[in-house]
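These notes concern the structure reproduced below.
To find a chain, count down the sequence lines: A is the first, B the second, and so on, and within it residues start at 1. These values consider heavy atoms only, across backbone and side chains, with no hydrogens, waters or symmetry-generated copies.
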Protein chains: 2
Amino acid sequence: MTLKDLARELGVSTATVSNAFNRPDQLSPKLRAHILTEARHLGYSGPDARARSLRTGRSRIIAVILAESLTYSLNDAVSSELLSGIAEVLDTRGHTLLLLSGRQNAASVPGASSIADGFIVYGLMPSLKLFSDLPPERPLVAVDFDIEDHATVHVDNEPACYAIARHALRTPTRRPAVINLRLTEQPCNGRIDDDQALLSAERTITRARLAGFQRAFAEAGIDPAEVPMWNIEENTFEVCTPVIEEILDLPEAERPDLLLCMSDRIALTVVTLAEQRGLRIPEDLRLTGFDGIAEGQYRAPRLTTIRQDSTEKGRIAARMILGMEPAESRVMATEMMIGDTCP
Amino acid sequence: MTLKDLARELGVSTATVSNAFNRPDQLSPKLRAHILTEARHLGYSGPDARARSLRTGRSRIIAVILAESLTYSLNDAVSSELLSGIAEVLDTRGHTLLLLSGRQNAASVPGASSIADGFIVYGLMPSLKLFSDLPPERPLVAVDFDIEDHATVHVDNEPACYAIARHALRTPTRRPAVINLRLTEQPCNGRIDDDQALLSAERTITRARLAGFQRAFAEAGIDPAEVPMWNIEENTFEVCTPVIEEILDLPEAERPDLLLCMSDRIALTVVTLAEQRGLRIPEDLRLTGFDGIAEGQYRAPRLTTIRQDSTEKGRIAARMILGMEPAESRVMATEMMIGDTCP
DNA sequence: GCTGCTAACTAAATCGTTCCAGTCCACCCT
DNA sequence: AGGGTGGACTGGAACGATTTAGTTAGCAGC
C-alpha cells in the first residue's frame with residue numbers, strides 16, 4: 001500500500017494525498033479528513049520514511065559516532081549522560097538518534113550513516129580518515145576532542161585539574177601519584193615509565209588534564225617528573241582493577257598517599273579495593289576523581305571530584321547540530337566538589 | 001556528486017559504477033579499481049544511503065523503541081545492558097541502532113521509524129496503538145512484555161521471585177514488605193492500599209514477580225494480603241528516595257525487617273538510606289533485589305538478588321530480528337545470588 | 001460580461017540508487 | 001564456418017515519495 005495506491009483508490013492525485021499528510025493548509029479540511037480516514041482504513045500508515053528522505057534530503061536522524069564500542073559507551077556513566085543530553089534535545093525537536101561505533105567495524109559508519117542529517121562525534125577516533133567518508137555538506141560537531149574545520153565542545157580540563165590538584169596538595173603529601181585514562185599512544189595498562197614519547201599527541205583531553213595536575217605539582221614544589229604515573233586503557237571496573245591492585249599492593253613505604261585519578265570510575269574502583277584492604281580513606285589514602293558521576297556521590301565516602309555536566313554537553317552538541325545555536329567551539333565550566341575522599 | 005555524475009565522468013553506465021561498489025564479481029577488477037580510485041578522487045563517497053534504502057527496501061538499521069524516556073533508558077543499568085547486547089549483535093552484522101522513545105512525543109515513532117528494517121520494543125508502551133503505525137511486514141520482537149502475534153523475550157519472573165522470597169523467609173521474619181516497581185495502573189509513588197483494582201492488568205512482568213513473592217508468603221503461612229506493599233514509579237535514586245524514607249522512618253514497631261524489592265536500584269537506595277540512619281544490614285533489615293546489576297556487587301554489603309542477563313536478552317532479541325535464530329517467544333533462566341543483604 | 005483573484009487540486013519531473021533483461025564480443029569447440 | 005558459452009558492460013524501469021508550475025472553478029468587483 002503506497003501513497004500512489006491510496007490516491008488511485010480515492011480518485012485524487014498523489015500530490016493531494018501527500019499534502020493531506022504534510023501540508024494541511026493546501027487542501028480543504030473535509031477532503032483531508034476523508035483521506036486520512038480512508039488511509040487508516042486501507043492500512044496505509046503514512047508516507048514511507050525512505051522515499052521521503054530521498055526526496056527531501058532529510059531524515060530527521062542524527063548520528064552519534066562513538067570512539068569506544070557501543071557496549072562500553074552504553075554502560076559508562078559519562079557517555080550515557082552525554083547521550084542522554086543529546087537524546088533529550090533531539091526528542092523535543094522530533095529527531096531520532098542513530099548510534100554508531102567508530103571502533104570495530106568502522107565499515108558500518110560510511111555505509112549506513114549517510115542517512116543521517118548530521119553527526120556528533122564523541123571521543124578521539126582511531127581512524128580520523130573516517131570523516132572523509134562522511135558527506136561533507138552535513139553538519140558535524142566534535143565532543144571532547146579537536147578536529148579541524150568543525151565546532152567542538154569541551155570542558156576546561158586543564159584549569160579544573162590544576163584546581164583540584166592544588167586543593168589536594170594543600171594537605172601535606174608525601175607520595176602523590178597520577179592515574180591517567182587513555183593517555184598513551186600505544187595501549188598500556190599499568191605503570192608508565194619515564195619515556196615521555198609514549199604520550200599521545202592526539203589525546204588532547206587527557207594531556208590537558210595531566211598538564212593541570214603537573215602545574216599544581218610544580219607550584220607546590222614537587223618535580224612533576226618524579227610523580228609516578230599509571231595508565232588505564234578503558235574506564236571500567238574490570239580494566240581498572242589489576243592496575244589499582246598493583247598500586248595498592250605496593251610496600252607501604254612506596255604506596256602513594258594521594259591518587260589523582262582521571263575519572264570517577266577509576267576513583268571508585270580505588271575506593272572499593274582500598275576498603276577491601278582495610279585502608280582508611282582519607283587517613284591512609286586520599287584520592288580525587290573526575291566527572292562527578294552520581295554513583296560517586298550516593299554512598300560514603302563521597303568522592304572529591306570535578307563535576308562536569310555531560311548531559312549539558314550533549315544538549316549543546318545537539319543544539320549545534322540542529323542549528324539551534326551557533327556551531328562554534330565552546331569550553332564549558334566545571335565545578336569542584338569536595339567530598340570525603342580528599343577533604 | 002552522485003553515482004550518475006561519476007558514471008558520466010568516467011564514460012561508463014551507472015549500473016557499472018553501482019556494481020563497482022556492490023558486486024565486485026560483475027566487472028573486471030581493473031575497471032573496478034579505476035572506478036574506485038576516480039570516485040575517491042572526485043569526492044564521491046559511495047552510494048547514498050537514502051536512495052539505496054529506497055531502492056533495496058533495506059537500511060541495515062534496527063529501531064529500538066523504549067517505553068521510558070531515552071534519558072532514563074540510557075542511565076538505567078538494566079536497559080543500558082539490554083541495549084549493549086543488542087548493539088553488540090547488530091555491530092557484528094553491520095547493522096546500526098536507532099533509538100526511539102515511545103513515551104513523550106510518540107510522534108517521532110511512526111515518522112522516522114519506518115526507515116528501520118526491524119523493531120525491538122522494550123517495556124510496555126503507554127499507547128499500544130503505536131504498533132499499528134509500524135510497517136506490519138517488518139519483524140518486531142518484544143522484550144519484557146507480551147504482545148500478540150510477535151515473539152517476546154522474558155525471564156522467568158515468577159519462579160525467580162518465588163525462590164528468592166522463599167530463601168528470605170527461611171530466616172524468621174516478623175514484618176516482611178514488598179517494594180514494587182511500576183505495578184499500578186495509575187501512577188502511584190508510595191504505599192499501595194488494599195484496593196487491588198489499582199493493579200494494572202497489563203504489567204505482566206511486575207505481576208509475575210509479585211505473584212512469585214506471594215506464593216512464597218502463602219507457603220510460609222503468611223497471608224499475602226497482610227503484607228504491606230509500596231510502589232515506585234521510576235527506577236531511579238531520586239524517585240525511590242522519598243518512598244524508602246517513608247518506610248525506614250516508620251516507628252520501629254512497624255518498620256519492616258525484610259524488604260523484597262523489585263529492582264537492584266531500589267535495593268541499593270534502601271542500603272544507602274539505611275546506612276545513613278544507622279540501621280544494620282542484615283541484622284536490623286534484610287532485603288533482596290532483582291536484576292543483578294554490577295553496582296550492587298561492587299561494594300559491601302553485596303545485594304542478595306536475582307541476576308538476569310540483560311545483555312544476553314538483548315543479544316537474543318537482536319538475533320531474532322536479524323533472523324539468526326527463530327523468532328519464537330523465549331523465557332530465560334535467572335540465577336539467585338546470595339549476598340550480604342539477606343544471607 | 002469581463003477581469004482578476006483565490007482556493008483547491010493535478011501532472012509530471014525529480015531525488016540517487018539497484019537490478020532485470022539484454023547486447024556485444026571474444027573465444028572455444030566441433 | 002557456425003554455433004554455443006560466458007564474461008563484461010549497458011539501458012532503462014522501478015523504488016515511493018515531494019514539489020513546482022500549472023489548471024480549473026467559483027466568486028467578487030466594476
Taking atom types as they are modelled, is there a donor-acceptor pair under 3.5 Å from the base of C:dT18 to the side chain of B:Arg52? no

Go through the steps for B:Asp146 and B:His154 under the test side chain to side chain contact (heavy atoms under 4.5 Å, CB included), then give the verdict. CA-CA 9 Å; B:Asp146 299 301; B:His154 275 182; 3.0 Å; yes

Could you tell me whether the side chain of A:Arg55 has a donor or acceptor atom within less than 3.5 Å of a complementary atom in the base of D:dT18? yes

Evaluation steps, side chain to side chain contact (heavy atoms under 4.5 Å, CB included), between B:Ser80 and B:Leu83: CA-CA 5 Å; B:Ser80 307; B:Leu83 289 172; 5.6 Å; no

Taking atom types as modelled, is there a side-chain donor on B:Asn19 or B:Thr16 under 3.5 Å from an acceptor on the other? no

Using side chain to side chain contact (heavy atoms under 4.5 Å, CB included), reason through A:Asp48 and A:Thr2 one step at a time and then give a plain yes or no. CA-CA 8 Å; A:Asp48 178 87; A:Thr2 70; over 6 Å; no

Starting from P on D:dG7, measure out to NZ on B:Lys30 and report it in whole angstrom. 19 Å

Would you mind reading off the distance between A:Lys4 atom NZ and C:dA12 atom C1', rounded to a whole angstrom? 12 Å

Measure CG/A:Leu6 against P/D:dT18 and give the value in whole Å, please. 12 Å

Is B:Arg319 salt-bridged to B:Glu312, going by a charged N under 4.0 Å from an acidic O? yes

Within the pair A:Thr56 and D:dT18, is there a side-chain N or O less than 4.0 Å away from OP1 or OP2? no

So does A:Glu233 pair up with A:Arg182, basic N to acidic O under 4.0 Å? no

Which residues satisfy the side chain to side chain contact (heavy atoms under 4.5 Å, CB included) test with A:Thr236, sequence neighbours excluded? A:Tyr72, A:Glu234, A:Glu238, A:Val239

In whole Å, what is the span from the CG atom of B:Asn22 to the C1' atom of D:dA8? 17 Å

Whichever of A:Arg58 and A:Leu54 has its nearest DNA chain D nucleotide further upstream toward 5': A:Leu54

Do B:Ser84 and A:Asn75 get their side chains close enough for a donor-acceptor pair, meaning under 3.5 Å? yes

Sequence-distant partners of A:Arg330, salt bridge (charged side-chain N to carboxylate O under 4.0 Å, His left out), two or more places apart: A:Glu325

With sugar-phosphate meaning primed atoms plus P, OP1 and OP2, does A:Arg23 contact a base, only sugar-phosphate, or nothing at under 4.0 Å between heavy atoms? sugar-phosphate

Separation of B:Arg50 atom CZ from D:dT18 atom C1', in whole Å? 14 Å

Might you list the N or O atoms of the protein lying below 3.5 Å from N or O atoms in nucleotides 21-25 of chain D, with each pair's distance?
none

Between A:Asp117 and A:Arg93, is the salt bridge (charged side-chain N to carboxylate O under 4.0 Å, His left out) condition met? List the steps. CA-CA 13 Å; A:Asp117 292 344; A:Arg93 307 283 291 206; over 6 Å; no

A:Ile65/A:Leu134 under side chain to side chain contact (heavy atoms under 4.5 Å, CB included): CA gap, chis, key distance, verdict: CA-CA 11 Å; A:Ile65 306 181; A:Leu134 297 178; 4.0 Å; yes

I want to verify a distance call: between D:dT18, C:dT17, D:dG16, whose nearest atom is closest to the B:Thr2 side chain? C:dT17

Figure out the CG/C1' separation between B:Asp5 and C:dC15, and round it to whole Å. 12 Å

Atom CD of A:Glu137 and atom C1' of C:dC15 are separated, to the nearest Å, by 14 Å

Scan nucleotides 5-11 of chain C against the protein and return all N/O pairs shorter than 3.5 Å with their distances rounded to 0.1 Å.
{"from": "C:dC9", "atom 1": "OP2", "to": "A:Ser28", "atom 2": "N", "distance (Å)": "3.0"}
{"from": "C:dC9", "atom 1": "OP2", "to": "A:Ser28", "atom 2": "OG", "distance (Å)": "3.3"}
{"from": "C:dT10", "atom 1": "OP2", "to": "A:Ser13", "atom 2": "N", "distance (Å)": "2.9"}
{"from": "C:dT10", "atom 1": "OP2", "to": "A:Ser13", "atom 2": "OG", "distance (Å)": "3.1"}
{"from": "C:dT10", "atom 1": "OP2", "to": "A:Thr16", "atom 2": "OG1", "distance (Å)": "2.5"}

In whole angstroms, the gap separating P of D:dA8 from CD1 of B:Ile35 amounts to 13 Å

Taking only residues two or more places apart in sequence or in another chain, which ones pass side chain to side chain contact (heavy atoms under 4.5 Å, CB included) with B:Ala15? B:Ser13

Within the 4.0 Å heavy-atom criterion, would you say A:Tyr44 contacts the bases, only the backbone, or no part of the nucleic acid? sugar-phosphate

When the C1' atoms of the five terminal pairs at each end define the local axes, what inter-axis angle does the helix from C:dG1-D:dC30 to C:dT30-D:dA1 show, to 10 degrees? 50°

